[in-house]
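This is a predicted model, so every value here is computed, not measured. Remember, it's 1-based here, ligands and their atoms both numbered in the order they're listed.
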Amino acid sequence: MSAPLASKAAANVRGSAIRDLLALTERPEVLSMAGGLPAPELLPAQRISAAAQNALADPGALQYTASAGAARCRAAVADRLGVDQAAVLVTHGSQQALSLLAQALVDPGEVVVVDDPVYVGALQVFQAVRADIRAIPIGPDGTDADELTRLLEAGVRPKIVHTVSNFHNPRGVTATAATRDRLVALADRYGFWIVEDDPYGELRFRGETIEPIAARSDRVIRLGSASKILAPALRVGWMSAPVEVLAVVERLRQAADLCGSTLSQLIVAELLADTPWLTAHLATQRTEYQARCDALVTALHAELGDRAIFAEPEGGMFCWVQIPGIDAEQLLPTAVEHGVGYVPGAAFAVAADLRDCLRLSFATLTADRLGEAVSRLGRAAL
Ligand SMILES: Cc1ncc(COP(=O)(O)O)c(C=O)c1O
């Protein structure tokens, strides 16, 4: 009998149901609220093109760069985060940062705590290193710190606690200052790393910004990305962490892909450092996402009334909606027949029963089309 094709680590990775579903919802007649794709109209193609021209004037732009990232890009990210350049490593999207971190810090069987519902890309990287994954609920205040305390008091010793601190994917919520403080106190007491996954923090269109978890402790590794604020195709993300963590990650990065794209990193460096342009661009993005979010919320009230339970998002791209009594997975083919797509909550579940929930993205469709999408959803869910 021959050995199985896939390694135990690969066999342990759950396929992303979302990617499979996206194929279904990508049909042209379907108004899709499924993908977490930035508004196509807001991708700054002309500014990126100008930055690419400028970058190409530098003979180094088409060469390999340092594994930790092109110096100009590290400096621009460090400036924006208000940290030292030595504390920043530029990755191929923040997904690579997650993947390298999991390899750098977690041995098979070590415990990693994730939110339930979870960002599936995080679940996959922790599965790939054969972590012992424990999921705790995430509610309106962010990660459930009471539940985490119970787990720790029961003797569980995680290596990592992962969360999306701002405008959680998929749950839409933001961790309160109190939750952030409690997570940090637990990390200090029990000696785990907090991975603060934060690609959406710049997209706040309502309410007050809350200081990052990373500003509260040295036991935090913060991840960020150019994907949601500039363009996903640039594939530039970053990790800000203590230098001893970065040294391990940098070694693994050499094994993974040697280095990132110098050209992309120089483009991002220019755009992040162009403060007047970036400030105006982010303001446009926030205004447009707020308008889209408001259109979605208004349509949900109008079409589903009391049947839909949700909190109004304050930023980011997602609204998490519970419709008690439905099975969102079973409803999806009917919804697609009605010309609307979403991701069923179960696709993000680790242990929780989330079958009556769905994730709606308000980022990709215009306000008008979101209104139409929700009326189709209302008809499908009758
Ligand atoms: C929470 C979270 N982290 C990380 C990523 C990865 O983004 P990227 O690799 O494009 O930076 C995403 C993408 O949707 C995300 O939602």
Side-chain angles (χ1 to χ4, degrees), residues 16-19 21-22 32-39 42-43 48 69 73 77 80-81 88-102 112-128 135 138 142-143 160-175 194-204 212-214 220-241 249 253 256-257 260-261 264-265 267-268 271-272 289 313 315-320 343 347-348 350 359-364:
S16 170
I18 302 164
R19 298 234 164 271
L21 283 167
L22 283 179
S32 178
M33 297 180 282
L37 312 180
L42 298 181
L43 298 174
I48 288 174
C73 192
V77 171
R80 193 134 187 99
L81 298 180
V88 172
L89 186 139
V90 181
T91 52
H92 189 81
S94 54
Q95 186 63 33
Q96 186 189 40
L98 266 174
S99 168
L100 293 174
L101 261 185
V112 171
V113 174
V114 298
D115 295 319
D116 203 357
V118 67
Y119 166 55
V120 176
L123 184 70
Q124 289 179 311
V125 301
F126 296 129
Q127 286 173 332
I138 173 159
T143 302
I160 287 178
V161 172
H162 171 271
T163 191
V164 182
S165 50
N166 293 305
F167 321 121
H168 190 275
N169 178 10
R171 188 62 180 73
V173 294
T174 291
I194 298 173
V195 175
E196 180 177 23
D197 194 353
D198 189 20
Y200 303 104
E202 301 260 27
L203 297 179
R204 175 178 283 283
I213 309 176
V220 185
I221 298 160
R222 187 169 180 217
L223 311 184
S225 178
S227 293
K228 314 297 176 179
I229 57 169
L230 298 176
L234 293 168
R235 304 312 298 135
V236 172
W238 48 83
M239 170 188 314
S240 157
V249 170
R253 208 274 160 85
D257 64 353
S261 155
S264 271
Q265 293 185 15
I267 292 170
V268 169
L271 299 188
L272 291 186
Y289 285 146
M317 300 185 164
F318 304 111
C319 184
W320 181 258
V343 186
F348 308 99
V350 186
R359 186 192 75 175
L360 302 181
S361 163
F362 52 81
T364 321

Step by step, work out the side-chain hydrogen bond (donor to acceptor under 3.5 Å, both in side chains) result for R235 and Q96. CA-CA 9 Å; R235 304 312 298 135; Q96 186 189 40; over 6 Å; no
At under 4.0 Å between heavy atoms, what of S94 touches ligand 1? The answer is both
Under 4.0 Å from one or more heavy atoms of K228, ligand 1 contributes atoms 13 (C), 14 (O)
Exercise. Do H168 and D115 pass the side-chain hydrogen bond (donor to acceptor under 3.5 Å, both in side chains) test, and can you show the C-alpha distance, the side-chain angles, and the key distance before you say yes or no?
Worked result: CA-CA 10 Å; H168 190 275; D115 295 319; 3.2 Å; yes
One finds that the ligand 1 atoms under 4.0 Å from a non-hydrogen atom of D197 are 1 (C), 2 (C), 3 (N), 4 (C)
- Is the distance between the ring centroids of F362 and F318 less than 6.0 Å? no
The atoms of ligand 1 lying under 4.0 Å from a heavy atom of V164, numbered in the order shown, are 1 (C)
One should read off an interatomic distance between L81 CG and S240 OG, to the nearest 0.5 angstrom, of 5.5 Å
Report task. Please step through side-chain contact (heavy atoms from CB on, under 4.5 Å) for the pair V114 and V350, ending with a clear verdict. Result -> CA-CA 9 Å; V114 298; V350 186; 4.2 Å; yes
among protein heavy atoms, the one nearest atom 5 (C) of ligand 1 is Y119 OH, 3.2 Å
re atom 16 (O) of ligand 1, the protein heavy-atom contact at minimum distance is Y200 OH, 2.6 Å
The atoms of ligand 1 lying under 4.0 Å from a heavy atom of R235, numbered in the order shown, are 8 (P), 9 (O), 10 (O)
Is the closest heavy-atom distance from P199 to ligand 1 below 4.0 Å?
yes
query: Looking only at side chains, do Y119 and Q124 share a donor and an acceptor under 3.5 Å apart?
result: no
Counting from 1 in the order shown, the ligand 1 atoms closer than 4.0 Å to a non-hydrogen atom of S225 are 8 (P), 11 (O)
Numbered in order shown, the ligand 1 atoms found under 4.0 Å of a heavy atom of S227 are 8 (P), 10 (O), 11 (O)
Check: How about H92 and D257: does a side-chain donor come under 3.5 Å of a side-chain acceptor?
Finding: no
